[in-house]
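In what follows, a single structure is set out as structure tokens and then discussed.
Just so you know, residue 1 is the first one in the sequence shown, and it goes up from there. Just so you know, ligand 1 is whichever comes first in the structure, and atom 1 is the first atom listed for that ligand.
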Amino acid sequence: MHKILFMSTPVGALSSGIGGGVELTLYNLIQEMQKRGYDITTVAPKKSYFANAKIVEIEGNVHIPAQTQGRDIPTIMPENSVLANMWEYARTVQGDYDLIVNFAFDWLPFYLTPFFSTPIAQFISMGSLSDSLDEIMNRVAQKYPQHFGVYTKSQANTFPFADICEILGSGLDLSLYQYSEKFDHKLAWLGRVAPEKALEDAVRASDISRVPLLIFGKIQDEEYWQKIVQQYPDAPMDYRGFLSTQDLQDELRQCQGLLMTPRWIEAFGNVAIEALACGVPVIAYARGGPAEIVEDGKTGFLVTPDSVEGLVDAIHKLPRINRRDCRLAVEERYSLEVWGDRFELWFKKLIAS
Ligand code: UDP
């Protein structure tokens with residue numbers, strides 16, 4: 001039986017929501033690989049929690065997420081870095097594992113890669129954000145060309161090493177998301193409440209169209225959130241908190257559509273496939289991961305990036321979408337089985353080499 005060590009993100013504990021989509025990706029991958037007979041251990045910051053997973057919790061201070069920093073800012077290491085402590089642990093146990101998989105979008109694991117004797121697979125969860133990170137990733141990618149995995153082609157294209165990336169996509173345990181034919185006249189927005197997600201565009205679209213907007217997710221930037229609340233006092237919006245997958249799909253499936261408004265090049269957008277799995281069409285800006293997921297006119301609408309008018313137009317067109325088509329698209333392209341095959345093939349190749 002192969003033993004694999006997953007190295008989590010250092011920005012927060014698993015299940016806190018601070019890590020965003022990579023938390024769900026890790027959870028799903030652990031479940032699928034265990035089902036296939038792999039022995040998976042996950043190293044993560046203190047207070048991390050996942051059901052049915054072996055987690056080694058590591059003490060230390062969490063890191064600043066790369067997307068909150070400018071491109072040219074040097075790499076920041078906090079005192080008593082949890083990332084450094086996690087990789088110190090990995091160094092001491094590496095002999096027990098056939099493969100280590102890095103899920104951190106941070107400078108240190110790339111730098112450390114050549115110093116390890118166990119092979120390291122790099123799963124990149126975001127598009128290019130920092131010059132120093134691009135530089136170290138590119139250097140390691142040239143040396144270990146098969147070791148870089150990404151979600152989507154659009155994400156890979158943000159990096160200088162786009163051509164060598166394995167495109168792995170994402171997947172869901174579809175049994176956790178219930179399809180609903182029925183819906184109420186309201187919209188959903190989900191994700192981390194942070195500037196790169198441009199929640200304000202969705203709030204404006206809801207304000208103009210007067211269709212209520214339910215907001216789900218971790219408030220990562222409180223100041224940013226308060227600004228939106230003050231700027232749109234009459235918008236029909238309702239913040240529902242950060243929910244578990246079970247509760248989230250329960251509320252989400254009653255919505256008429258999901259608005260996805262990222263200002264950045266979204267690497268994937270797990271929330272898009274979660275909505276589609278419930279039969280909820282997705283209205284998204286036509287760039288990054290969502291543009292590869294949404295079939296315009298069939299499972300939702302792709303609108304001109306940053307155009308609130310485009311969002312409003314698409315909201316009016318939502319009745320044209322057959323909700324059954326949304327669920328079917330996810331069953332065909334984003335099942336845990338199909339996704340697991342791609343990851344397993346990649347892992348096997350790296351273990352064999
Ligand atoms: N999410 C959640 N509960 C909520 C709202 C969001 O668990 O109430 C999760 C959602 O399931 C998704 C993640 O937050 O996995 C957001 O990930 P996405 O890939 O859309 O964006 P990222 O945060 O990685 O940029």
Side-chain angles (χ1 to χ4, degrees), residues 8-9 11-31 48-51 65-68 103-106 123-129 150-152 154-155 158 168-174 176-177 187-199 202 213-221 224-225 237-255 258-278 280 282-285 287-294 300 330 334 336 339:
S8 186
T9 166
V11 300
L14 289 172
S15 291
S16 70
I18 296 286
V22 79
E23 292 184 19
L24 185 68
T25 294
L26 254 167
Y27 174 76
N28 286 334
L29 194 61
I30 292 167
Q31 304 308 319
S48 285
Y49 172 79
F50 274 161
Q67 69 272 20
T68 64
F103 291 88
F105 195 79
D106 208 301
F123 182 75
I124 315 294
S125 62
M126 289 188 255
S128 169
L129 290 171
V150 295
Y151 282 116
T152 59
S154 340
Q155 177 199 359
T158 66
L168 298 160
S170 191
L172 292 180
D173 178 351
L174 283 158
L176 301 180
Y177 299 82
L187 300 163
W189 186 96
L190 10 156
R192 290 174 295 106
V193 177
E196 67 273 15
K197 299 289 186 175
L199 168 62
L213 180 70
L214 306 186
I215 299 164
F216 305 94
K218 187 90 193 163
I219 295 182
Q220 196 165 24
D221 186 332
Y224 167 72
W225 166 242
M237 63 172 173
D238 186 3
Y239 175 64
R240 310 297 281 250
F242 176 74
L243 306 187
S244 66
T245 297
Q246 168 64 35
D247 295 341
L248 180 66
Q249 62 87 38
D250 195 33
E251 295 221 27
L252 176 60
R253 67 171 184 261
Q254 299 166 34
C255 294
L258 173 76
L259 297 183
M260 277 188 85
T261 49
R263 201 70 83 210
W264 69 353
I265 296 183
E266 185 81 38
F268 186 82
N270 272 332
V271 299
I273 56 175
E274 294 185 274
L276 295 175
C278 299
V280 176
V282 177
I283 295 172
Y285 289 148
R287 72 175 153 220
E292 294 184 34
I293 300 166
V294 176
V330 179
Y334 302 106
L336 219 44
W339 182 56

Residues in contact with ligand 1, criterion: heavy atom under 4.0 Å: Gly20, Gly21, Leu24, Arg192, Lys197, Phe216, Gly217, Gly241, Phe242, Leu243, Leu248, Trp264, Glu266, Gly269, Asn270, Val271, Glu274

Mutual orientation of the aromatic rings belonging to Trp225 and Tyr239 [parallel < 30°, tilted 30-60°, perpendicular > 60°]: tilted

Geometric class of the Tyr334/Phe268 ring pair [parallel <30°, tilted 30-60°, perpendicular >60°]: perpendicular

Charged N-O contact under 4.0 Å between Glu266 and Arg287: no

Any residue meeting ring-ring contact (aromatic ring centres under 6.0 Å, His included) with Phe105, in chain and number order, not counting sequence neighbours: none

Partner set under side chain to side chain contact (heavy atoms under 4.5 Å, CB included) for Gln155, not counting sequence neighbours: Ile124, Val150, Tyr151, Thr152, Phe159, Ala267

Listed partners of Glu196 passing salt bridge (Lys or Arg N to Asp or Glu O under 4.0 Å), at least two apart: Arg192

